[in-house]
Amino acid sequence: MNIEKLAVHDLHILKELFHYNDVEQMVSQCTQDIQNGIIDIFVLFDKGVLVGELHAMYESHDENFAARGKRAYLFAFRVREDLQNRGYGTCLLQSVLALLRESGYSEFTVGVEDDNPRAFHMYQSAGFTQLLIRKREEYQGDTYEYNLYLKK
């Protein structure tokens with residue numbers, strides 16, 4: 001298994017893990033955010049197969065989410081459906097947290113939707129226990145409601 005930062009020219013592979021309503025819009029936005037240093041996308045491969053992704057945001061207009069050098073917001077955490085419950089998600093999450101700690105981050109936030117008990121359990125087990133706020137947002141025409149949790 002290996003974890004790496006995804007290069008902008010490889011962003012299209014993310015459609016293997018999530019059905020985007022507009023792939024080109026996602027690629028354009030992620031390219032801009034990566035090039036501006038706002039996000040990194042960490043991907044996990046096992047024997048050349050894309051297993052999962054986890055995005056880390058370093059800047060946000062809302063400091064509940066992210067503050068450069070202090071707090072990183074983790075989002076778009078996905079593991080291939082046919083490879084779930086095998087420890088890949090925990091490996092990816094713990095590895096990204098370690099990489100970000102090495103880069104000076106000491107606080108981390110995640111958003112967890114109500115209908116995702118598996119994610120809630122994984123994050124809670126990893127120490128994301130402090131509820132900060134309830135959020136609602138839209139992405140590519142879909143609306144998401146979630147709780148934002150903090151880990152220090």
Side-chain angles (χ1 to χ4, degrees), residues 1-8 10-11 13-20 26-46 50-81 83-140 142-152:
M1 285 191 290
N2 67 309
I3 294 171
E4 57 191 61
K5 286 182 188 177
L6 191 63
V8 293
D10 292 328
L11 285 167
I13 69 167
L14 297 179
K15 65 186 178 188
E16 294 178 24
L17 299 173
F18 185 77
H19 176 73
Y20 291 91
M26 176 276 293
V27 168
S28 174
Q29 184 64 55
C30 287
T31 297
Q32 182 180 349
D33 288 347
I34 290 169
Q35 290 175 340
N36 290 328
I38 296 170
I39 70 166
D40 281 319
I41 300 173
F42 296 91
V43 288
L44 172 64
F45 289 95
D46 191 8
L50 176 64
V51 173
E53 69 178 294
L54 180 55
H55 300 219
M57 177 186 292
Y58 309 116
E59 287 181 17
S60 174
H61 298 295
D62 183 344
E63 288 191 9
N64 282 310
F65 286 86
R68 184 161 299 281
K70 179 182 178 184
R71 180 180 289 180
Y73 172 56
L74 305 178
F75 67 104
F77 183 22
R78 301 181 181 105
V79 173
R80 282 176 48 138
E81 214 170 302
L83 296 176
Q84 292 178 1
N85 295 316
R86 297 184 186 185
Y88 287 116
T90 300
C91 174
L92 179 57
L93 177 61
Q94 294 300 334
S95 297
V96 169
L97 288 171
L99 288 168
L100 294 174
R101 278 190 204 98
E102 288 173 13
S103 297
Y105 286 86
S106 60
E107 297 180 2
F108 308 94
T109 57
V110 295
V112 184
E113 296 175 63
D114 296 339
D115 64 351
N116 197 343
R118 181 181 295 164
F120 178 75
H121 175 73
M122 179 181 289
Y123 286 132
Q124 191 174 44
S125 296
F128 291 89
T129 55
Q130 183 179 340
L131 176 61
L132 292 179
I133 55 173
R134 178 85 175 159
K135 291 295 287 183
R136 179 186 172 119
E137 61 185 52
E138 273 191 42
Y139 180 71
Q140 293 192 350
D142 294 322
T143 302
Y144 300 92
E145 286 190 51
Y146 58 92
N147 289 324
L148 187 69
Y149 291 93
L150 174 68
K151 170 187 175 70
K152 289 186 177 186

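What you see is a predicted model; the values in this text were computed from it and never measured.
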More than 12 heavy atoms from other groups under 6.0 Å of CD on Gln94: yes
Gap between atom CD1 of Ile39 and atom NZ of Lys5 - 0.5 Å precision: 11.5 Å
Where Leu14 and Tyr20 come nearest, the two heavy atoms and their spacing: O-CE1, 3.9 Å
Distance in Å, Glu137 CD paired with Lys135 NZ, rounded so as to fall on 0.5 Å steps: 7.0 Å
Close side-chain approach of Tyr123 to Leu93, heavy-atom, < 4.5 Å: yes
CD/Glu138: more than 12 non-hydrogen atoms of other groups inside 6.0 Å: yes
Heavy-atom donor-acceptor pair, Arg80 side chain to Leu17 backbone, under 3.5 Å: no
Residue pair Met57 / Ala66: nearest heavy atoms and the distance that separates them: O-CB, 3.5 Å
Heavy-atom pair with the smallest gap, counting every atom of Ile133 and Phe65: CD1-CE1, 4.3 Å
Distance-minimising heavy-atom pair for Asp62 and Asn64: OD1-N, 2.8 Å
Residue pair Asp10, Val43: steps toward the side-chain contact (heavy atoms from CB on, under 4.5 Å) verdict: CA-CA 11 Å; Asp10 292 328; Val43 288; over 6 Å; no
Closest non-hydrogen atom pair between Ile3 and Cys91, with its separation: CD1-O, 4.1 Å
Side-chain donor-acceptor contact under 3.5 Å, Asp33 with Gln35: no
CA sep, side-chain torsions, deciding dist, call: Phe75, Tyr73, ring pair (Phe, Tyr, Trp, His ring centres under 6.0 Å): CA-CA 6 Å; Phe75 67 104; Tyr73 172 56; 5.3 Å; yes
Cys30 and Val8: CA distance, side-chain angles, deciding distance, side-chain contact (heavy atoms from CB on, under 4.5 Å) verdict: CA-CA 8 Å; Cys30 287; Val8 293; over 6 Å; no
Distance, nearest 0.5 Å, that separates CG of Leu83 from CG of Asp46: 8.0 Å
Donor-acceptor under 3.5 Å (Lys151 side chain, Ala126 main chain): yes
Heavy-atom side-chain proximity of Leu54 to Leu74 below 4.5 angstrom: yes
Intermediate values then yes/no, side-chain contact (heavy atoms from CB on, under 4.5 Å), Leu44 and Val79: CA-CA 9 Å; Leu44 172 64; Val79 173; over 6 Å; no
From Ile13 atom CD1 to Leu6 atom CG, the distance as rounded to the nearest 0.5 Å: 5.0 Å
Atom pair CZ (Arg71) and NZ (Lys152), whose distance is rounded to the nearest 0.5 Å: 7.0 Å
For Phe77 against Leu92, the heavy-atom pair lying closest together: CE1-CD2, 3.8 Å
For residues 114-122, please give each side-chain donor-acceptor pair under 3.5 Å, one per line with the distance, not counting sequence neighbours.
{"residue": "Asp114", "atom": "OD1", "partner": "Arg134", "partner atom": "NH1", "Å": "3.0"}
{"residue": "Asp114", "atom": "OD2", "partner": "Arg134", "partner atom": "NH1", "Å": "3.3"}
{"residue": "Asp114", "atom": "OD2", "partner": "Arg134", "partner atom": "NH2", "Å": "2.8"}
{"residue": "Asn116", "atom": "OD1", "partner": "Ala119", "partner atom": "N", "Å": "3.1"}
{"residue": "Arg118", "atom": "NH1", "partner": "Gln84", "partner atom": "OE1", "Å": "2.2"}

Chi angles and distances behind the side-chain contact (heavy atoms from CB on, under 4.5 Å) call for Glu113, Tyr144: CA-CA 7 Å; Glu113 296 175 63; Tyr144 300 92; 3.6 Å; yes
Residue pairs involving residues 99-119 (criterion ring pair (Phe, Tyr, Trp, His ring centres under 6.0 Å); sequence neighbours excluded): Tyr58-Tyr105
Rounded distance [0.5 Å steps], CG in Leu132 versus CG in Leu148: 5.0 Å
Polar contact flag, side-chain donor to acceptor under 3.5 angstrom, Tyr149-Gln124: no
